[in-house]
Amino acid sequence: MLDIKFVRNNPEAVQEALKKRGSNISLEPFLRLDERRRKLITETEQLKNKRNVVSEQIGRLKKAGQDAQEMVQQMRQVSDQVKEMDEELRALEEEIDSFLLGIPNITDDSVPAGKDESDNIELRRWGEVPNFGFEPKPHWELGESLDILDFERGGKVTGARFSFYKGLGAALERALMSFMLDMHTREHGYVEIFPPFIVNADSMTGTGQLPKFAEDMFKLENLDYYLIPTAEVPVTNLYRQEILDGNKLPIYHCAYSACFRAEAGAAGRDTRGLIRQHQFNKVELVKFSRQEDSWDELEKLTANAERILQLLGLPYRVINLCAGDIGFSAAKTYDIEVWLPSYQAYKEISSCSNFVDFQARRANIRYKEGKGKPKFVHTLNGSGLAIGRTAAAILENYQQADGTVTIPSKLQPYFGGLTQIG
RNA sequence: GGAGAGAUGGCCGAGUCGGCUGAAGGCGCUCGCCUGCUAAGCGAGUAGACGGUUUAGAGCUGUCUCGAGGGUUCGAAUCCCUCUCUCUCCGCCA
């Protein structure tokens, strides 16, 4: 959520930022409501002040055994009036709130203009795209021929976009999870969290999934609980409604979680394989930083995610998302895309964002330094990495002519020294 | 799932028959004084949100917040209702 004062004082700048994202929401109604709100606050507060002062007098008079009937009558009226005005104010604030909750974050100046993914800017590439001396297979075929992935039975047991990992496939998933967490905790300074996979609506609002993106999530029946679409949600909300000690910042957390996404509107896209599932595994990186440090932290976080791909020897590129393609809550996002031979393209495997104070304001996460007033933290997060897609990339990039798959050397210890699948 | 107890400021903890209690007292912390060092002692301060005033900040000032929401009342931390969470006992369970 944007700072209401900032919007009030810089309506043109905000309007401009919205346009950059390709949104034509008008701030007009907001400005009107805001003005009405402030006027109403002043009026009700004056009335309340009167009530407080007179009520005190009444108490004193009564104690002295004097009559205060007239004042009581008067205050009864004042009280009724206050009640009415409070009601109007409440409705007004609800309207303002829901308006602000629907406004996306302002993108940073370093975010390129543009309307969709074709306007994203590639920043760098790493690794060599493999040159097979044979016809490479997509991971879903490798998975079936090696008997380590089962999409058909996933469909039977649950439904489309669910799958089973089996044998060394399951081991690969587990190895990747451990490898990533080990790297981030031991070498990158993150403290591991194992979060709940179900959160309440307040948490979903805190990180920006609600109220706008309800259809993308799985909601539990009869409860205001949701399956998390990413560990970002429970981990960022860890400190919701808290004031952190500025000396403890930055806080680095990494977390494994299963992720659940309804993928509304994704019909027909990535229908085969592990790329787009309703449930997938991911290791997430989350940071809470001082305001002045968050841009440096974004670079470091992205580097931490890239390091995993480097150690696994998977070719990738990093792109700077343009304003039209960037997520609702983010001020800036780097996508890391891994090379997938089956797609003959780079495919997103991590998304690293700085949200600045956007989530912190929604979730009310602040910090205090010295005697200063509490300030909103800056939150960041990025995948470190999406495990299913990493597994797919390994199967495809490390496949051999005979249909077996070499296990990347850094992963072999997690397989008891085994060097290949199949 | 059944029965009971509770939820007050950074922490502990008081709050009488509803009214000078945004909250006693203690601890902790901060600043100052004092002090060979340390310890002790003395003094002051020590929540947040939203408004107003102000170029801004500071300051001053108003309103709201004693788990959340609602109600009664001129007035509620104190009375009533609903919900949430925590603890204890029983049952069940990985």
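Each chain gets a letter, A, B and so on, in the order the sequences are listed, and its residues count up from 1. Side-chain atoms are counted along with the backbone in the values below, which use heavy atoms only and exclude waters and symmetry mates.
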Original post:
Partner of rG57(B) by Watson-Crick or G-U wobble geometry, both contacts under 3.5 Å, or none?
Top reply: none
**OP:** For rA68(B), give its Watson-Crick or G-U wobble partner with both distances under 3.5 Å, or none.
**Re:** rU82(B)
Original post:
Under 4.0 Å: is that the gap between some side-chain N or O of K83(A) and OP1 or OP2 of rU72(B)?
Top reply: yes
Original post:
When you measure from the side chain of K368(A), which nucleotide among rC85(B), rG75(B), rA47(B) comes out closest?
Top reply: rA47(B)
Original post:
Just to confirm, is there a sub-4.0 Å distance from OP1 or OP2 of rG62(B) to any side-chain nitrogen or oxygen of N52(A)?
Top reply: no
Original post:
Side-chain N or O of R51(A) less than 4.0 angstrom from OP1 or OP2 on rU63(B)?
Top reply: no
**OP:** Assess the side chains of N105(A) and S329(A): does a donor N or O sit below 3.5 Å from an acceptor N or O?
**Re:** no
Original post:
rU21(B) pairs with which nucleotide, Watson-Crick or G-U wobble, both distances below 3.5 Å?
Top reply: none
Original post:
Under a 3.5 Å cut-off for both distances, is rC11(B) Watson-Crick or wobble paired, and to whom?
Top reply: rG26(B)
Original post:
Are D293(A) and K300(A) close enough for a salt bridge, meaning some N to O gap below 4.0 Å?
Top reply: no
Subject >> Length of the line joining E43(A):CD and rG51(B):C1', which is rounded to integer Å >> reply: 13 Å
**OP:** May I ask you to verify if any side-chain N or O of T44(A) is less than 4.0 angstrom from the OP1 or OP2 atom of rU63(B)?
**Re:** no
Original post:
Given rU63(B), is OP1 or OP2 found less than 4.0 Å from the side-chain N or O atoms of N49(A)?
Top reply: yes
Subject >> Presence of R38(A) side-chain N/O under 4.0 Å of rG51(B) phosphate oxygens OP1/OP2 >> reply: no
**OP:** Check whether any side-chain N or O of R37(A) sits under 4.0 Å from OP1 or OP2 of rG51(B), and answer yes or no.
**Re:** yes
Original post:
Do you know which of E306(A), K347(A), R124(A) makes side chain to side chain donor-acceptor pair (under 3.5 Å) with Y316(A)?
Top reply: E306(A)
Original post:
Looking only at side-chain N and O atoms, does R8(A) come under 4.0 Å of OP1 or OP2 in rG51(B)?
Top reply: yes
Original post:
Could you walk me through whether E192(A) and Y256(A) pass the side chain to side chain donor-acceptor pair (under 3.5 Å) check?
Top reply: CA-CA 8 Å; E192(A) 186 172 351; Y256(A) 157 76; over 6 Å; no
Subject >> Interatomic distance where CE belongs to M71(A) and C1' belongs to rG75(B) [whole Å] >> reply: 13 Å
Original post:
Nearest to the side chain of K48(A), which nucleotide is it out of rC64(B), rC74(B), rG62(B)?
Top reply: rC64(B)
Original post:
Tell me: CD1 of I243(A) to P of rC29(B), nearest whole Å?
Top reply: 20 Å
**OP:** Check the distance between rC50(B)'s C1' and D34(A)'s CG and give it to me in whole angstrom.
**Re:** 12 Å
